[in-house]
Asker: 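My questions will all concern the structure given below.
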Amino acid sequence: MSRPDQQEPIVFELHTGPDAGSEESGADPDGSPGRRAPRLPRLSRRTWLVAVAAVAVVAVGVTAVDLVRDDRRADLMRTSPIGVTSLDDALAKAWTVPFDVPAPDGSQTFVDLQLVTMDGLLVVPPGAAQRYVQDVGTGDSARVGFEDVVAVDPGSGEVAWRVPVAANPVCGPSGYDASVSADALVCVQGPADAREVLTIAPDGATRTRSADLADGEQIFPGPDGTAVRVVRTGDAAEEAVCDLGACTPSVLTQGRDVLVTAEDAATGAERWTSTVEFAPADTINCQQVGNELEQGSVDADQVTVYTSAESVTVDGCGIWGALSTRGVRLDLATDPDAEEVQIDVGTGLPTHGWVTELGPDLFGVESDPMQTVVVDGAGKVLRTLDGWLRGGSMSPDAPDDLWFVTTRSGGYGFVAVREDGSVAWKDLNSQSILLVGRDVVVADRGATVVGLARDTGEELWSWESGDMAGLSRYRTLTDGETVVLEHQRQEGTGPGVLVALDLGTGEQVWDAPLAGSAVAVDGHVVEVGPEGLAGLG
């Protein structure tokens with residue numbers, strides 16, 4: 001992304017009176033400067049009025065340029081899931097929208113809501129997974145949130161629309177920080193033997209159809225207006241049983257593949273199909289019961305689908321694969337000749353092939369040894385980086401000519417790599433990157449936060465506060481001039497705090513209490529708390 005134009009200084013030269021050195025100029029007869037201030041020429045009233053008007057026009061013009069640039073920056077921030085139009089002043093509640101089912105009074109709960117942005121609206125899906133909260137103090141759980149799919153204008157708090165859903169709804173794509181933006185929200189709803197696919201447009205218009213599931217089929221919401229069907233194929237897996245943490249056999253070597261079909265959620269028309277092959281798996285990871293110490297049978301056919309903004313992940317007993325919206329296996333990009341990803345039989349997780357969404361139709365795929373392959377949605381390899389990509393919120397006004405990777409297995413530190421693969425600079429002391437800004441990279445060093453020059457890595461400033469005991473840094477927001485650090489309680493309950501730092505100096509500008517978590521939507525800040533949503537402005 002190109003860097004916005006920098007404001008150039010405007011210089012004026014004012015020439016008045018006769019040439020310097022003349023008697024009229026106030027110089028001494030020997031040519032040395034005089035002590036008297038130069039006299040202004042005698043101008044007519046009309047001339048003075050014209051001069052004053054000209055200066056006023058210039059001043060207004062400079063102000064107008066500033067306003068235009070501020071508007072350009074604000075518009076740019078609205079396009080980003082971390083961008084806010086202005087963070088000049090401490091945030092305070094401007095509006096509230098209570099949940100249909102708020103958290104119990106007096107309980108210390110952490111709300112685990114999934115969110116999606118649609119045409120500038122904050123959309124909150126319902127469903128047990130989306131509105132589950134845990135009271136750490138008592139261990140009790142509760143269902144908190146909206147009963148329907150609810151869209152809220154983040155600027156005014158007005159409820160734009162509500163869409164009722166049937167039983168057992170699962171909606172997607174969605175995320176925990178409002179970073180997912182979609183042109184359609186897909187919900188799969190209804191009883192197991194009569195599932196329906198509900199498609200919701202940004203204006204709240206809906207379309208519903210029967211899922212028409214075959215025997216053994218499941219259907220899940222997908223990205224890009226799709227619904228994703230999965231079904232096991234091939235010969236049945238070997239029988240197995242687990243008792244008190246021991247399984248016989250200990251490893252399942254025979255299992256069934258999964259056929260994945262993506263279809264248009266509204267019409268049911270097929271878009272693509274792909275097969276994810278079975279790989280040997282530790283039997284204990286395929287139990288039907290959640291407690292491995294209990295006796296239980298093994299479900300070798302278990303499979304589920306997780307939906308992100310640009311991809312779907314298929315996970316199950318002996319199954320793991322990540323696919324783009326084009327149906328391409330992204331996890332195999334590190335080895336195009338491979339037919340299946342290698343899975344650690346002990347953990348049930350892939351040994352490599354983890355996929356990170358980097359942007360529209362752009363993905364990072366981890367390889368072993370420590371490498372990251374950057375690919376597009378068609379699986380085309382764009383570049384290979386030595387190291388694993390480091391996460392960090394990218395400000396929308398930041399250039400995209402540097403990649404930040406770690407070459408240490410422990411994860412500490414990172415290297416800034418240029419487009420040509422050369423190393424620009426290193427920082428081996430930071431735990432994580434909090435923000436990649438236009439001129440400054442903000443990094444977390446535990447007790448302190450530092451600002452590093454983006455082009456050289458030089459430490460420009462550091463910030464530390466003794467008031468953050470028991471808090472951990474959770475998320476960042478920015479308006480391009482200020483970075484806001486969201487701090488949450490380490491135990492997951494209780495109030496947090498927002499701290500705003502000047503990106504240029506690291507000086508703390510303000511702080512504000514936080515009841516839940518803060519997300520950016522269309523340039524506005526919305527707090528998601530145990531009782532509902534609140535606009536912070």
Asker: Checking Phe220 now: which residues fulfil ring-ring contact (aromatic ring centres under 6.0 Å, His included) with it, not counting sequence neighbours?
Answerer: none
Asker: Can you tell me if CD on Gln254 sees more than 12 non-hydrogen neighbours from other groups inside 6.0 Å?
Answerer: yes
Asker: Do NZ/NE/NH1/NH2 and the carboxylate oxygens of Arg232 and Glu217 come within less than 4.0 Å?
Answerer: no
Asker: When the aromatic ring centroids of Trp320 and Phe278 are compared, is their separation below 6.0 Å?
Answerer: no
Asker: Is the closest side-chain donor-acceptor distance between Asp397 and Ser395 under 3.5 Å?
Answerer: yes
Asker: Taking atom CG as the centre, does Asp420 end up with more than 12 heavy-atom neighbours from other residues, nucleotides or ligands that are less than 6.0 angstrom away?
Answerer: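 Atom CG in Asp420 is crowded, with more than 12 foreign heavy atoms closer than 6.0 Å.
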Asker: Using a 4.5 Å cut-off on heavy atoms from C-beta on, say whether the side chain of Val303 contacts that of Cys317.
Answerer: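 Cys317 does not reach Val303 side chain to side chain.
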Asker: Is Ser517 close to Glu486 at the side-chain level, that is, under 4.5 Å between some pair of heavy atoms?
Answerer: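 When only atoms from C-beta onward are counted, Ser517 and Glu486 do touch, with a gap below 4.5 Å.
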Asker: Run the salt bridge (charged side-chain N to carboxylate O under 4.0 Å, His left out) check on Arg209 and Asp264 step by step: do they pass?
Answerer: CA-CA 11 Å; Arg209 63 178 178 87; Asp264 186 283; over 6 Å; no
Asker: Salt bridge check, Arg256 against Asp235: does any charged N sit closer than 4.0 Å to a carboxylate O?
Answerer: no
Asker: Yes or no on side-chain contact (heavy atoms from CB on, under 4.5 Å) for Tyr412 and Ser430, after CA distance, side-chain angles and deciding distance?
Answerer: CA-CA 6 Å; Tyr412 261 77; Ser430 297; over 6 Å; no
Asker: Do the side-chain N and O atoms of Glu238 and Thr253 include a donor-acceptor pair separated by under 3.5 angstrom?
Answerer: yes
Asker: For the residue pair Asp212 / Ser210, report whether a side-chain donor-acceptor contact shorter than 3.5 Å exists.
Answerer: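 Yes.
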Asker: Set out, in order, the CA-CA distance, both residues' side-chain angles and the distance that settles salt bridge (charged side-chain N to carboxylate O under 4.0 Å, His left out) for Asp401 and Arg418, then state yes or no.
Answerer: CA-CA 6 Å; Asp401 58 344; Arg418 301 185 184 94; over 6 Å; no
Asker: Is the shortest distance from a Lys or Arg side-chain nitrogen in Asp100 or Arg162 to a carboxylate oxygen in the other one below 4.0 Å?
Answerer: yes
Asker: For Ser179, what residues pass the side-chain hydrogen bond (donor to acceptor under 3.5 Å, both in side chains) criterion, not counting sequence neighbours?
Answerer: Asp177
Asker: Counting only heavy atoms not in Arg383, do more than 12 sit closer than 6.0 Å to its CZ atom?
Answerer: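 Buried by this count: over 12 neighbours within 6.0 Å.
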Asker: Suppose we screen for side-chain hydrogen bond (donor to acceptor under 3.5 Å, both in side chains). Which residues come up paired with Ser393, at least two apart in sequence or across chains?
Answerer: Thr476
Asker: Establish, from distance only, whether the side-chain atoms of Gln287 and Asp299 form a donor-acceptor pair under 3.5 Å.
Answerer: no
